[in-house]
Amino acid sequence: MKSKIVTDKKSEKIVHNATAENAKVATLAKYTTDADNAFMTTNNGVRINDDQNTLKAGSRGPSLLEDFIFREKMTHFDHERIPERIVHARGSAAHGVFKVYESQSSLTAAGFLQDPGTETPVFVRFSTVAGSRGSSDLARDARGFAVKFYTQEGNFDLVGNNMHVFFIQDAMKFPDLIHAVKPEPDNEMPQAASAHDTFWDFISIMPESAHMIMWVMSDRAIPRSLRMMEGFGVHTFRFINAEGVACFVKFHWKPLLGVHSVAWDEAQNISGKDSDFHRRDLWDAIENGNFPEWELGIQIVPEADEHKFDFDLLDPTKLIPEELVPVHRIGKMTLNRNPDNFFAETEQVAFHVGNIVPGIDFTNDPLLQGRLFSYTDTQLIRLGGPNFHEIPINRPVVPVFNNQRDGHMRQTINKGKASYNPNTIGGGCPFQAGKMDGGFISHTERIDAYKIRERSASFFDHFSQAKLFYNSQAGYEKQHIINALSFELGKVLSEDIKVRMLRILQHIDKDLAINVGQNMRIDLPDKNDAMLNHSIPADGDPEKYQPVTKKSSLTKSAALSMVHTVKDTIKTRKVAILAADGASKASIESMKETITNAGGVVEIIAPLQGYIIADDASKIPVDNSFLIAASVLYDAVYVPGGTNSIATLAGEPDAIHFLNEAYKHCKAIAADEQALQVLNATYFNKKIQTNDTLKKMQEHGLLVSDDIELLSQSFIIAIGKHRFWERELNRTVPA
Ligand code: HDE
């Protein structure tokens with residue numbers, strides 16, 4: 001039997017191999033350039049006649065070593081895996097474009113930041129840090145946010161995270177930090193989690209990590225979506241304009257959908273229900289034309305102001321509060337195309353913080369300086385040699401000319417004899433590029449110093465910004481940090497480590513330490529009775545290395561809390577409609593229309609898959625049954641009326657669990673007044689007062705009305721608010 005060719009309309013990919021008959025059809029597919037490509041061949045181009053049976057001595061006899069087709073197929077398969085990234089192994093990526101709003105020529109000569117008419121292609125890879133390639137998306141972790149700009153002057157990689165600062169101040173400590181957070185070496189546990197002894201052992205004697213710990217224990221570490229995360233370049237970089245005038249710059253990515261997170265209990269459930277939750281969300285949004293967008297923000301500090309802050313600009317554990325230096329949004333990035341092939345693109349992409357273009361330069365941040373070595377080095381083992389820049393996803397869009405030759409998997413066929421510079425045989429080619437020809441010229445900086453292994457004393461204030469972060473959080477955000485620390489330290493077996501952490505926490509905030517201590521039933525130790533910093537050179541003076549806490553000029557920074565983020569859109573938010581046979585078709589249709597028009601996505605969840613029979617006897621397709629769906633995969637829930645449907649749902653434990661969980665995770669819940677019977681079967685039924693006004697209920701994201709128009713409009717406002725965290729004050733739902 002001949003199989004048919006099937007093409008995936010949206011991406012025009014061949015999704016099934018063709019046979020001779022449909023070879024012509026295959027030529028229409030985007031990546032097939034001639035009819036021959038439709039036939040299966042060996043890697044040497046020999047057409048394969050039988051890909052299903054090995055060559056044997058007789059149909060029941062032994063296989064023959066001679067079978068070059070089998071051997072080639074199996075050898076390739078045996079070698080299909082490459083080493084996963086030592087950090088950021090689990091990632092998801094997308095293609096897109098970047099455009100600057102207006103020329104930034106006064107600040108930088110970077111070509112892609114000059115003309116609003118220039119559209120620069122980008123490839124962005126998001127990742128978790130600690131987990132393996134197959135781990136869950138929802139681990140508590142920082143998220144990588146790496147952007148490759150394919151500019152006309154070469155590739156610029158902005159290899160950032162979704163957190164503003166980092167754990168350590170010097171690259172020398174990075175292998176230790178990662179060894180500590182990765183699964184423990186004797187039993188390879190736990191996977192993709194920092195809640196274990198080795199991580200907290202390291203942190204408890206590394207006070208410079210205090211600020212980053214606040215970020216990682218905050219809800220920023222469990223994003224609702226990769227599309228709803230900020231991004232940060234972390235280090236201070238330099239901009240240099242055409243006149244050679246330099247300034248310092250911090251890079252930010254601001255998501256247009258706002259910054260939103262899930263609840264920790266929800267994150268843990270999602271890891272079981274759909275460990276690809278973030279990856280799927282990104283993929284689906286792009287496939288459905290809901291292109292994620294971020295604005296590129298910059299904070300600029302003139303060189304003359306380098307020392308005017310109460311922290312050091314070169315210290316990667318510090319941020320510049322937006323109150324001190326505002327973020328200017330200078331351009332927009334839109335992700336508009338999913339990769340065609342995960343391995344070829346997402347896995348083989350090689351980012352490097354050292355990939356910069358004229359107009360941008362480094363600073364002496366000791367973490368950044370160390371990263372400049374690590375990123376090339378790691379690709380040599382991961383991608384098998386020095387020619388990884390020739391892999392399609394890594395190639396710049398401009399031509400590459402130099403005297404580098406050969407090496408593993410070299411793709412370029414360099415012609416001629418002159419593979420050295422200077423040369424006369426090759427006419428002196430390729431030429432070095434002068435300033436006028438766009439040659440990269442490193443920023444000239446006077447350095448007059450001793451060669452020394454030391455850290456600047458200006459780096460030793462480890463707690464002021466940790467305090468600033470904690471103090472800037474809303475009440476519920478602080479509580480989430482307390483809960484996260486109690487969870488993480490609660491999983492630590494060593495009492496000594498817990499006590500040391502309580503000592504560190506006291507330097508950040510006394511109440512924070514008391515609360516975490518109480519959850520573990522450990523009395524607060526004296527915060528000053530032991531050395532906090534253990535990372536001291538053999539002959540170093542321990543006193544000199546202990547943290548100092550300066551008085552910060554700010555007590556709060558609004559930008560550090562997620563409270564003030566975008567809360568007026570339901571674009572791409574997923575709403576579950578719980579229904580059974582007999583559900584009100586009018587209510588479902590009306591709600592569906594209002595939500596869809598506002599950009600939301602609606603799915604109908606019912607006891608069985610397939611369809612339900614509505615109150616007017618028509619069939620309504622069902623997206624998922626309760627067996628498959630779970631409240632943690634949705635942003636909000638609606639229960640329509642309809643006598644039979646209500647009776648079924650009220651007696652359906654999965655439906656009640658769905659609602660209880662949605663309530664517990666502080667999501668908007670709406671119901672037709674007729675469906676009160678279902679809500680009455682929940683744990684939170686006491687919260688529903690039938691004489692409450694819709695307005696009053698709206699404040700808690702719990703809406704009941706017999707006016708579907710009014711209900712759906714109020715529901716949209718409630719979903720846009722993302723979560724009603726104040727519900728957590730009363731722990732009524734044990735779901
Ligand atoms: Fe990385 N980091 N890193 N890192 N990093 C890698 O490079 C490293 C740091 C970040 O999607 C590795 O290709 C050192 C800070 C992202 O492919 C490796 C130090 C920030 C990604 C490496 C740091 C990052 C990586 C592993 C301290 C935020 C994923 C695989 C000196 C500003 C990129 C690879 C992708 C990946 C080293 C610290 C972000 C081993 C030595 C700070 C987003 O080279």
Side-chain angles (χ1 to χ4, degrees), residues 82-95 122-133 137 141-148 155 157-182 206 208-209 211-212 215-216 220-221 226 229-237 249-253 278-279 282 314-319 339 342-356 362-384 388-389 391 393-394 455:
I82 60 172
E84 67 173 32
R85 289 164 173 84
I86 169 72
V87 280
H88 297 266
R90 182 166 177 82
S92 314
H95 292 271
V122 296
F123 188 69
V124 181
R125 184 173 180 274
F126 303 104
S127 47
T128 51
V129 181
S132 292
R133 236 186 99 174
D137 282 344
D141 203 348
R143 298 296 184 286
F145 193 133
V147 183
K148 194 179 277 294
N155 289 351
D157 291 358
L158 185 50
V159 196
N161 278 346
N162 76 329
M163 299 187 182
H164 210 327
V165 291
F166 201 64
F167 293 97
I168 46 170
Q169 295 174 323
D170 192 303
M172 191 73 141
K173 301 176 180 203
F174 190 68
D176 301 297
L177 166 74
I178 300 307
H179 286 173
V181 73
K182 283 271 180 181
M206 195 64 60
E208 70 201 58
S209 63
H211 187 190
M212 179 66 166
W215 284 77
V216 178
R220 302 246 181 185
L226 301 171
M229 301 188 316
E230 282 181 298
F232 302 93
V234 176
H235 315 282
T236 304
F237 287 84
V249 57
K250 288 263 192 200
F251 292 109
H252 297 242
W253 289 110
H278 282 156
R279 179 176 286 183
L282 179 67
L314 302 186
D315 175 356
T317 66
K318 305 293 185 300
L319 51 83
F342 186 90
F343 181 82
E345 301 176 271
T346 310
E347 199 55 16
Q348 292 203 115
V349 65
F351 289 96
H352 184 9
V353 71
N355 286 349
I356 52 169
F362 314 115
T363 60
N364 299 330
D365 172 342
L367 196 71
L368 172 59
Q369 296 279 319
R371 290 180 77 199
L372 294 177
F373 164 72
S374 180
Y375 286 71
T376 309
D377 187 44
T378 205
Q379 312 308 344
L380 294 176
I381 179 84
R382 201 172 70 80
L383 299 171
F388 55 85
H389 59 281
I391 296 172
I393 193 69
N394 296 323
R455 217 165 339 146

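Quick note: residue numbers are just sequence positions, from 1. Side chains are part of it too, since the values below use all heavy atoms of this structure and drop only hydrogens, waters and symmetry mates. First listed ligand is number 1; within each ligand, the first listed atom is number 1.
In this structure, Ala350 has no heavy atom closer than 4.0 Å to ligand 1. Within the 4.0 Å heavy-atom cutoff, Gln379 counts among the residues contacting ligand 1. Under a 4.0 angstrom heavy-atom cut-off, Gly233 registers as being in contact with ligand 1.
Ligand-side atoms of ligand 1 in range of Ile86: 40 (C), range being under 4.0 angstrom from any heavy atom.
Put simply, the side chain of Thr376 reaches to within 4.5 Å of the side chain of Phe388, judged on heavy atoms. In this structure the side chain of Asn355 reaches within 4.5 angstrom of the side chain of Lys148, judged on heavy atoms. With contacts defined as side-chain heavy-atom distances shorter than 4.5 Å, the pair Gln169/Lys318 qualifies.
Residues forming a ring pair (Phe, Tyr, Trp, His ring centres under 6.0 Å) with His252 (at least two apart in sequence, or on another chain): His164, Phe232.
Within 6.0 Å of atom CD1 in Ile82, more than 12 heavy atoms from other residues, nucleotides or ligands are found, so the atom counts as buried in its surroundings. Residue Phe373 places its CZ atom among 12 or fewer non-hydrogen atoms of other residues, nucleotides or ligands, all under 6.0 Å distant.
Note that CZ of Phe123 and CG of Asn394 are 9.0 Å apart. Values are rounded to the nearest 0.5 Å. For the atom pair CG of Leu372 and CZ of Phe362, the computed distance is 4.5 Å after rounding to the nearest 0.5 Å. Interatomic distance, CE of Met212 versus CD1 of Ile168, reported as 10.0 Å (0.5 Å rounding).
Of the protein's non-hydrogen atoms, the one nearest atom 34 (C) of ligand 1 is Thr378 CG2, 3.4 Å. The protein heavy-atom contact nearest to atom 35 (C) of ligand 1 is Arg125 NH1, 3.2 Å. At the top of the distance list for atom 33 (C) of ligand 1, counting protein heavy atoms only, stands Phe351 CD1, 3.9 Å. At the shortest separation from atom 17 (O) of ligand 1 among protein heavy atoms lies Arg85 NE, 2.8 Å.
With no hydrogens or angles considered, a side-chain donor-acceptor pair links Glu345 and His95 at under 3.5 Å. For the residue pair His235 and Arg371, a side-chain donor N or O sits within less than 3.5 Å of a side-chain acceptor on the partner.
Residue Phe145 touches ligand 1 through its backbone alone, judged by heavy-atom distances below 4.0 Å. Within the 4.0 Å heavy-atom criterion, both parts of Leu367, backbone and side chain, lie near ligand 1.
The heavy atom nearest to atom 31 (C) of ligand 1, considering only Pro175, Ser92, Ala171, is found in Ala171. Here the shortest heavy-atom distance to atom 43 (C) of ligand 1, taken over Gly231, Ala93, Gly160, belongs to Gly160.
Listing protein N, O or S atoms at distances below 2.8 Å from atom 1 (Fe) of ligand 1, with waters left out, gives Tyr375 OH.
When all heavy atoms of Phe351 and Val159 are compared, the pair lying nearest together is CB-CG2, 3.9 Å.
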